[in-house]
Structures are given as structure tokens and as C-alpha cells.
**Student:** 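Next up is a structure, given as C-alpha cells.
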Amino acid sequence: MYKEHLMDHYKHPRHNKTLENPQAERYEKNPSCGDELTLQFTISDDDIIDVGFTGQGCAISIAAASMLLEELLGKSVDDVLAMTREDMLELIGVPLTTMRVKCGLLGLHTAKKALYQYKGKTLQGEW
Amino acid sequence: MKEQFPVLETVTYLDTAATAQKPLRVLQAQTAFALTRYANVHRGLYQLAEAATKTYEGTRQVAASFLGAEKKEIVFTKGTTEAMNLLAHTLPIKKGDRIITTVLDHHSTFVPFQQLAQRVKAEFIVLPLAKDGSLDMKAAQKEIKKGCAVLATTHLSNVTGEVLDVKQLAEWVHKQKGLIVIDGAQAAAHLKVNVKELGVDAYAFSGHKVYGPTGIGVLYIQEKLITTLPPYQFGGEMIDQVTIKKTTFANPPARFEAGTPPIIEAAGLMEALRFVAEHRDLIAKEEDLVEYAQKRLKALPVTIIGPENKTGCISFTLEKIHPHDVAQFLDEQGVAIRAGHHCTQPLHDSLGIPASNRISFGVYNDKEDIDVCIDALKKCVEVFDV
């Protein structure tokens, strides 16, 4: 599971920063293992023009958040909201064991919550 | 020893605190019973039923001897969790009583008694750890002195590996006319337990942690107490007489064994308890393994949880690497260790960590297993390079 690509994102997470004036922001925690993420988005005309995340957790959750933000930069809010868990797992690129799927999905879950909130809606259902 | 456990050819198993692997002889005893002597117990008049009942009740005798108790004081349960629920639902605890547990306790003890306190509006007191990570015995004495209707705690911590001074706790509790009930899930596999010497009112353990089957456990309740407790579940087997208007109940232990019990599992448990009794020398050697493992672990960037003196298990965190990553990485190296809160969230909260890693030992482990585990941990530190 700990392939080079994943470890690179874990050791050198992209967009691991705090934004000045984000239009969307969200903190989420995975209670079963204590992973914590805060995601921020600068949005202009419903396009994501800057992204940032801070947090702590296992290699899977950090690397997945890093990969996700790299992917989201430049996308529209609606594109992100249309992303599925399968999209996210594909992005991670290595098969996750059942116990670790939640770690891999924490980033997308947080991003969707942030962007639904930005649109004045609530995310229905679980991840 | 390892030839009794074929699965150990494929994995370095260091998670016996979660569940022990099963020796061939236990599985064979279970199969032989199921194939030749199986029927429902306490019911049929035919010879097969007689034979099954003999085995089932024979296990009760073996379990009683295992704990230094009398047969009539032994109840079969599904496991330690059910035993603790049984006690939390039948002990005479009322509004305003003081229920005491410790921050070390497994959720299987902690939660039933926390819920009992909430149900009857009793006080719920959780004893803290001392600075060295052992149970704070000064706080224990102080809190028990203020009054104690029941103290429910563990004999051997499934995280820190501390053996609690149960005998001392029992003395303090009994001075307050309280009851002491003990979770022996870990202890039964590592310590020679004598409930009379410990002076406890109830003591529970699970079959699967003493190299026996899942789905069966043993609950000792001292004779004076067991005869006063009301039923926990209703159904067949636990009754005396049933009429349309009322039901009277059987005497203990049948009173607490509603429905068809785990009969085949009882046959396996008998063999498992004999297996443990016959291997006390190997179990004693686990102490050396714990010491050796602790010494080798200390050469790595680890924080070890709890006091220095440990039995059965060592929990730790590896600096800057999440416990889940450690366990997953080790799994990829063929080493099975635990990551998580080990069903002790209050303990992990008190330590300020969400999770830890744990290695735990059984009769089948040797120094080579520790070496393999330490090598894998070293590799983990290298790969994560933090």
C-alpha cells in the first residue's frame, strides 16, 4: 500500500498551507482513528482558484488529501460535488484495505462538506 | 508448540490479547465431541443426551477447578462482555450508590457499568492512573473509602499489561460492604487465577482468549451472591415451573443459562483449559518475551504506555507514525500487530492519543517472532523516514 507515489504525497504534501480569505472552509475528523483535516478553497465564479489544507493523521489520509487538492485546483464547484468515492479511490491509485477506506475518503468528504456549505446546502448521507 | 497452530506458518502473530489462535487438539476435541456425543443438554432421556450433558457439565467442573471455585458458582456466558452485562443487570445497585471503575477498563466492563449508573442514577467514579502509568492505588483507596457499592475493573490491563492488586482492592471494597467484580479476559491466559485467594465476588473470562472457541465464556459468582441474583434472560432451561399466571426460576447456575447453551464450544473449552493448565511453564516464559520485546523496542523511537512491569502485552506509539500505518506496514511484512484504541477509549483520551500499537504474546510466540517484529518496525521507521 505504501507505494512511492503515496509516500511522496505523504512526506511532501501539496497545498499544505493556510489560505488568506477562503470562500469555503471545513474541518472534519475521523473519530475512529483521529485523523483531522481542515480544507480551504478560494473560489471565483464558482471555479476553485486556490486550495489549502492543514491537519494530521495517517499516511493514507494526508496523502489522499494532498492528491485530492492537486486534482481539485482549477475545477468548478459542481465538478467537485459530482465526484464519487470511486473517483477518489481511483485517484489514490493503490487498493486500500476495508479498514483504511475511511482514511482515504476523509479529504473528499471534507471538501464536499465545505463546498455544499458554500452553496448554502447540507451534504446528505454518509461517506 | 507451533505445530499445534498451523496458521503460524503463514504469519508472525502478535495479537493474542485480541484473540488466541486455536491448538489442533482443541479443534479435534470439539470435532470428536460433535461427531460422536452431540445432543441437546439437560433434556433428552436417551444416552446421547446423557453423554452431551456429561461433557457440558464436565466443562463446568474443569472451569471451576481452573478458577479455584465450586461448580455451582460457574455460569457459562457468551464471553466476558455478556458476563459483565449480566452482572450490571442483576447486581443490587440502586439510586445514589457509588459504582467505581478505572480508566484502564476495557469497554466491555466500562460501558455496562457506566450505563447501569445512568439507568439507576448511581454515581459513576472512574479511577485515574498514577504518574508511572499504573493504577493510582492511593486514589483507589480514597474513593473506595467514600463508599463503594460495586467496583468493576480488570485483573490484567489489555493495554498497559499491568496486573492490578485485586486482592488489596477486594479488601478495601469489602470493608465498605461493597462487591468487587473482575474482568479476567486477559488474566486467564497469563496468570494462575484463584478467585477465593483474590477474594472477589465475580470473575469473568472468555473461551477464545484461552485458546478455546469463541461464543463461550466463564463467569464465577461467589455462592452467597449467586443465590440472591435475579435472572438476566428468560426462556427455556432457566425455569423451575411455568404456569399461565406465573413462572418460578431454577437455581443457579441454570437460572442464568436461558436457552440452548454453546454445547460444542463447551467441549472445546474443556480441552483449552486443560491445554492452559498443562502449559504453565510456557506461559511463565512469556514474561521473558515481554522483557525481551520491551528491551528491543526501547532502541526504537517509541513511547511505551504504562508501567515498566508488564504481563502479556506491550502498547506503544512510534514517533510521528500513525499506529494504523505501523500496523498496516507490518502486515505487509507478515507481522500481525494491533492498532487502535483496543476498546479503551477513556484510557487513550487520558493519554491524549487517539490510538496506539500493541504487541501481545501467547504460548506459541518465541524470541524469533520478536526479532521479526522489531526488524519490520525498523524498516517502517526507515520507509516513513520521519
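Chain A is the first sequence line, chain B the second, and so forth, proteins listed ahead of strands; every chain is numbered from 1. Source: prediction; values computed, not measured.
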**Student:** Evaluate whether atom CD of Gln118(B) has more than 12 neighbouring non-hydrogen atoms of other residues, nucleotides or ligands under 6.0 angstrom away.
**Tutor:**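 Counting neighbours around CD of Gln118(B), more than 12 heavy atoms of other residues, nucleotides or ligands fall under 6.0 Å, so yes.
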**Student:** Using a 4.5 Å heavy-atom cutoff, which residues in residues 13-25 of chain A come close to chain B?
**Tutor:**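 When heavy atoms of chain B are the reference, residues 13-25 of chain A contributes no residue within the under-4.5 Å range.
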**Student:** Is the shortest side-chain heavy-atom distance between Asp35(A) and His324(B) below 4.5 Å?
**Tutor:**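 No, their side chains stay 4.5 Å or more apart.
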**Student:** Under 4.5 Å between any side-chain heavy atoms of Phe329(B) and Met1(A), yes or no?
**Tutor:**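 No; the side chains remain at least 4.5 Å from each other.
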**Student:** Minimum heavy-atom separation for Gly34(A) and Pro354(B), please, with both atom names.
**Tutor:**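 Scanning both residues completely, I find the closest heavy atoms to be CA-CB, 3.8 Å.
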**Student:** Count the heavy atoms belonging to other residues, nucleotides or ligands that lie under 6.0 Å from CD of Glu86(A), then report whether that count exceeds 12.
**Tutor:**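 Above 12, so yes.
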**Student:** Give me the atom names and distance for the closest heavy-atom approach of Val383(B) to Met7(A).
**Tutor:**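 The answer is O-CE, 3.6 Å.
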**Student:** Can you tell me if Lys2(B) has over 12 outside heavy atoms packed within less than 6.0 Å of its NZ?
**Tutor:**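 Yes.
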**Student:** Hydrogens and angles aside, do Tyr2(A) and Asp325(B) bring a side-chain donor and acceptor to less than 3.5 Å of each other?
**Tutor:**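 On atom types as modelled, these side chains qualify, holding a pair under 3.5 Å.
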**Student:** For Lys3(A), look at atom NZ and say whether over 12 heavy atoms of other residues, nucleotides or ligands are found less than 6.0 Å away.
**Tutor:**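 12 or below, so no.
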**Student:** Is it the backbone or the side chain of Glu332(B) that comes under 4.5 Å from a heavy atom of chain A, or both, or neither?
**Tutor:**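 For Glu332(B), the side chain is the part near chain A, not the backbone.
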**Student:** With respect to chain B, which residue among Cys58(A), Ala59(A), Ser61(A) yields the maximal number of heavy-atom pairs within a distance under 4.5 Å?
**Tutor:**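 Answer, by heavy-atom pair count under 4.5 Å with chain B: Cys58(A).
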